[in-house]
Amino acid sequence: MARKAKATTWTRTALLDALSQLPDHAPISEAFPGSGVPLKEKWIGWVSDYNRGRLKKNPSARTIYNRVQQPRWIIWLAEASGINARLIRKAINSVARHVIRQTQAKETRRILPWTLVARHLEQMTSSRQLPRRTVTNIDLTEDRTSLVAELEQIRRIKDQTTRKCLIDAGLGQGQFRVDVEKLWRGARGVTGCRISAVLRASHIKPWSQSTNEERLNPENGILLAAHIDALFDRGLITFLDNGTMLISKRVSDRDRKLLRLSGRLRCPPKKGLRHFLGRHRRNFLERERYGE
């Protein structure tokens with residue numbers, strides 16, 4: 001007899017993982033008045049930051065869900081997880097019958113309780129059968145040995161200008177740095193520091209994994225102070241499409257305060273930059289899932 005699959009333990013990390021697998025859009029709930037924002041990104045930011053600095057480090061997904069006071073967030077999550085349209089419309093209609101937002105959220109959860117949402121999330125994630133990978137196989141940082149090998153190959157390129165541009169880009173220098181500074185207006189992405197000597201122009205998609213075109217593309221670049229750059233390179237922080245910083249659970253509250261890790265990117269990411277940040281963020285969330 002086939003063994004029954006183990007049910008998901010719905011922690012914050014498990015919910016983050018499920019959120020990362022949901023579709024970006026849910027048409028019924030996004031037509032709901034007052035949306036107009038990327039609700040998937042809102043959810044990821046809310047879950048990541050919930051309860052930070054308090055005694056209970058990893059609250060249950062049920063607790064997080066039941067604390068949401070935005071009815072359209074609840075409705076979006078329910079629709080994105082696959083709950084049928086009839087219940088989604090019923091929840092939307094229930095919101096229209098109340099004025100106070102907390103009452104709206106309570107009524108929405110009555111129709112769309114966590115047990116129902118969790119069941120659909122469970123079905124959605126299990127149906128994808130994502131292969132589990134160990135943390136050491138997740139390519140969040142550049143393999144330094146590979147980087148040296150790539151540089152050796154580039155040195156064999158005959159065109160001197162192309163060769164120099166690619167080598168400089170691999171080191172975060174040359175025209176690549178000039179273009180990245182121009183894109184970021186010469187200021188550090190998080191705090192606005194303009195001291196060039198402490199800023200690093202790094203690739204978002206690791207240089208060793210990029211095509212030559214991506215290696216020279218300033219939209220694959222981010223300008224950060226050295227300590228922030230190290231955290232980003234090691235997959236300890238990442239950014240949402242709206243620029244909000246996500247911080248790994250591996251960074252303690254004490255270190256967060258010492259490093260002043262909060263806030264968001266000063267320049268809202270544009271389309272090209274969001275493409276590369278999305279890849280970095282998916283790897284970040286996967287590492288958070290399996291590194292727990």
Side-chain angles (χ1 to χ4, degrees), residues 13 16 41 44-45 48-49 52-53 57 135-136 138-148 151 168-174 176-210 214-215 217-269 273-274 276-292:
T13 303
L16 273 173
E41 301 291 352
I44 291 174
S48 298
D49 292 338
R52 292 294 188 189
K57 298 297 184 181
V135 172
T136 55
I138 297 173
D139 297 321
L140 282 170
T141 60
E142 294 182 8
D143 182 333
R144 302 303 176 187
T145 303
S146 176
L147 177 60
V148 171
L151 285 170
D168 285 346
L171 300 173
Q173 301 298 328
F176 174 76
R177 182 183 176 101
V178 171
D179 293 340
V180 170
E181 286 188 345
K182 186 181 299 182
L183 185 67
W184 288 93
R185 302 170 193 169
R188 170 182 164 186
V190 176
T191 64
C193 172
R194 293 180 180 274
I195 304 174
S196 182
V198 302
L199 298 178
R200 302 289 181 267
S202 296
H203 289 83
I204 300 170
K205 179 179 179 181
W207 189 89
S208 61
Q209 299 168 24
S210 299
E214 289 171 333
R215 289 167 175 170
N217 184 355
E219 291 182 322
N220 186 24
I222 189 166
L223 195 65
L224 299 169
H227 70 296
I228 301 290
D229 174 68
L231 291 166
F232 185 81
D233 181 61
R234 297 292 175 180
L236 294 171
I237 62 169
T238 192
F239 299 96
L240 299 178
D241 282 348
N242 65 4
T244 300
M245 181 189 291
L246 299 183
I247 307 171
S248 171
K249 62 180 181 293
R250 292 169 289 150
V251 181
S252 70
D253 291 332
R254 177 177 178 275
D255 287 335
R256 288 165 189 253
K257 291 176 182 177
L258 287 173
L259 296 169
R260 298 184 179 181
L261 298 181
S262 62
R264 59 200 301 143
L265 293 172
R266 286 182 167 258
C267 298
L273 186 62
R274 290 198 300 269
F276 291 106
L277 283 176
R279 180 187 185 279
H280 188 276
R281 188 168 59 250
R282 286 190 295 274
N283 287 335
F284 171 91
L285 291 172
E286 190 169 358
R287 183 163 187 162
E288 289 295 288
R289 178 189 184 189
Y290 293 131
E292 189 174 38

Any sub-3.5 Å donor-acceptor pair from Arg200's side-chain atoms to Ala226's backbone N or O? no
Given Gln209, which partner from the list His203, Arg215, Arg279 fulfils the side chain to side chain contact (heavy atoms under 4.5 Å, CB included) test? Arg279
Distance col, row Leu236:CG vs Lys249:NZ, nearest 0.5 angstrom, shows 10.5 Å
Could you pull out the closest heavy-atom pair between Pro269 and Leu240, with the gap in Å? CG-O, 4.4 Å
Can you tell me how far apart CD1 (Ile237) and NE2 (His280) are? Round to the nearest 0.5 Å. 7.5 Å
Euclidean distance, Asn217 CG relative to Ile204 CD1, rounded to 0.5 Å: 9.0 Å
I would like to know whether Leu265 and Leu277 meet side-chain contact (heavy atoms from CB on, under 4.5 Å); could you show each step before the answer? CA-CA 12 Å; Leu265 293 172; Leu277 283 176; 4.3 Å; yes
Determine the minimum heavy-atom distance between Glu219 and Phe276, stating which atoms define it. O-CD1, 3.3 Å
Minimum heavy-atom distance Asn220-Lys205, with the two atoms named: OD1-N, 2.7 Å
So do the side chains of Leu16 and Leu246 get within less than 4.5 Å of each other, counting heavy atoms only? no
Determine whether Thr238 and Leu285 satisfy the following criterion, side-chain contact (heavy atoms from CB on, under 4.5 Å), listing intermediate values before the conclusion. CA-CA 9 Å; Thr238 192; Leu285 291 172; over 6 Å; no
Roughly how far, to the nearest 0.5 Å, is the CD1 atom of Ile228 from the CG atom of Leu259? 6.5 Å
Do Arg282 and Glu286 sit within salt-bridge range, that is, some charged N less than 4.0 Å from a carboxylate O? no
Value for CD1 (Ile222) from CG (Leu273), rounded to nearest 0.5 Å, stands at 6.5 Å
Please round to the nearest 0.5 Å and tell me the distance separating atom CG of Leu258 and atom OG of Ser252. 7.5 Å
